[in-house]
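Heads up, the thing below is written out as C-alpha cells.
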Protein chains: 2
Amino acid sequence: MSLATDGADKPTLYKRIRADIEKRILTGEWPPGHRIPFEHELVARYGCSRMTVNKALSELAQADLIERRRRAGSFVRRPQHQSAVLKIADIRAEITALGRAYGYELISRKLRAATAADRERLGVRKAGKVIAISCRHSADNVPFAVEDRLIDLASVPSAATADFSREPPGSWLLHHVPWTEAEHTISAIVADDRTAEALDIAVGAPCLVIDRYTWRSARTITAVRLLYPGESHRLVARFKGG
Amino acid sequence: MSLATDGADKPTLYKRIRADIEKRILTGEWPPGHRIPFEHELVARYGCSRMTVNKALSELAQADLIERRRRAGSFVRRPQHQSAVLKIADIRAEITALGRAYGYELISRKLRAATAADRERLGVRKAGKVIAISCRHSADNVPFAVEDRLIDLASVPSAATADFSREPPGSWLLHHVPWTEAEHTISAIVADDRTAEALDIAVGAPCLVIDRYTWRSARTITAVRLLYPGESHRLVARFKGG
DNA sequence: TTGACTTATATGTCTAGACATATAATCGTA
DNA sequence: TACGATTATATGTCTAGACATATAAGTCAA
C-alpha cells in the first residue's frame, strides 16, 4: 500500500519488544549475565500492560536467550554451544530442492518373522513379523544414498500391503504414521564391497552414516540406516548460541 | 474445584491443557489434520478464561505440533521429519559427562597475517591477523578429537593474549565472546597420515568431520574443523516429528 | 559469624473483558 | 454456473487489574 518505504508491515508490540531485546543480546550490547530491565520498567518504556512485556520475555526464555529468576529479574544467558537444529530432510525433498532429478530404486523387500538380530535392532522383545527393505536414492542418476530399513509390522500392519517399488518407505511412513519420536545417530565408516557397489564409489571410500530409530508412544515403528558418500554429502546445521 | 486428590505437585492449568493436547497428538488419538477443539470449547471444558487456553495453544503452535488458522481453527500438523535437535556439546563437557578423564594438548599456535586461504576459510575480505590453532582432546588418555581452528583477531582482539596451552580455544571463546550464530557441516573422510597419527588410528580409517563457522552480527569470529574417529564417535540427535 | 525468621519484590499465572484481522461460508448477481 | 460482495467467526493481540510464590535481602538472636 502507501507505506512501501521501509520496514515491511507493522509488527505487533510484543514482537517489537522481543526483537529489541534479542538484538541487544545478539550484538553483545547486553552480554551474558546482564540483567535486562524489569517487567515494570519495560511497561513504562513501551507504555503497555505487563502481560504484553511478559509475553515477549516468556518467548525469549523459551528460546533460552534469557533466564528468568523470581525476585531477582531476567538475565541474559550464556550461549550453550550445544544444541543445534539439524535439518534432516526427506531425501526426495532434499534432492529436488537442489534442482536435481530424484530417482528411487527398490533393491529388495522381504517379509519375514523377526530374527533375533531384527528384534535387537528394533529394540522389541516379542516375536513378530517385520519387513526388511533395501533401496537406493539417486540424484540425476548418480547414487545419492542407500537405505536399509526394518519396519515392525506389529506397529504398522498396513505396511505389509504397501507398494514400496514406487514409493520410498520413508515417504510412505511419513504419510501413514502420525507423530513419532526419533533418535538419530551419525557416524562414519568406510565402504565395504556391497556398499561401494551400491553407491558406485571405491571400496574404502568414506561414508556418512545416519541411523534413525523411530517410535511412537514407546512402540517401535522402524529402524533405518542411511549411507551417503562421505565426501560429497554434507549435513548442515545452523543455529544460535555459540 | 475439588480435584486435588492425586499425587505429585500441581502443574499450572495452562500446562495441563498443553500436556493433555500434546498427549492426544503423540498417541495418535488426534492424527495430523485433525481439528482440535476451538478455544471457546476448551474454555468451557476447563472452566477457565480464553487467555489461559490461548497460552497453551500458542506454545503448541510454537513447537510446530499444531497449526492455527484464523476463522478455521487449530489443526494437528503433519510431522516434518526434517528438523532434529542435534546436541553438539562442548568437548570437555561431553567427555566428562561420559565419566571419563578429559585431557587437552596444544599442538601448535601461530599468530600470522591472514593468508588468502585463511580469508577464504573465514569468509572475510580484508587483510588482518589471525590465530591458527591445532590441538587435541583426549578421554582417559585416548585421543578423542583433533581440532584445527582459525580465529579472526579483528573480531576477537583479546584472543592474541589468551593462553591456549591450558584452556581449549573452544571454552575460551565460549567465555569471552557473547551470543553468536554458527553453521555446522558434518561430513566423513578417511584419515590421512597426519590425522591418523594425531588420533592414533590407521591411515584410511573413517573420520567424522564437523566444520563449524561462527559469526556475530555478520562478523566472522572463528572457523574450526573437528575430526573424530568415525567408528567410535557418534553424534546423537533426538527429536519429535517423524 | 552463623543460623533462623521476616519482609519486600519480581516473576508466574489467571481473569473478564476489548477490538483487530484474516478468512471460511454464505448470499447475491451476472 | 461462476464470480464478487457480505457476513460470521476463530484466532491475534492487548488491557488493567488480581493473587500466588519463590527468593534475595534484611533483621535479629545465639
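Just so it is clear, the values below take in all heavy atoms, side chains as well, and ignore hydrogens, waters and symmetry mates. Chain letters run A, B, ... following the sequence lines, proteins first, then strands; residues in each count from 1.
For A160(A), the side-chain contact (heavy atoms from CB on, under 4.5 Å) test picks out L111(A), L153(A), with sequence neighbours left out. Evaluation of the salt bridge (Lys or Arg N to Asp or Glu O under 4.0 Å) rule for D211(B) yields R225(B) as partners, not counting sequence neighbours. Shown here are the ring-ring contact (aromatic ring centres under 6.0 Å, His included) partners of H176(A), two or more places apart in sequence or in another chain: W172(A). Legend: residues meeting salt bridge (Lys or Arg N to Asp or Glu O under 4.0 Å) with R70(B), ordered by chain and number and at least two apart, are absent. Applying the ring-ring contact (aromatic ring centres under 6.0 Å, His included) test to F75(B) and every residue at least two apart in sequence or in another chain returns nothing.
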>> Protein within reach of the bases, or only the backbone? For nucleotides 8-17 of chain C, mark each nucleotide 5' to 3' as B, S or -, using heavy atoms under 4.0 Å.
In response: BBBBBBBBB-
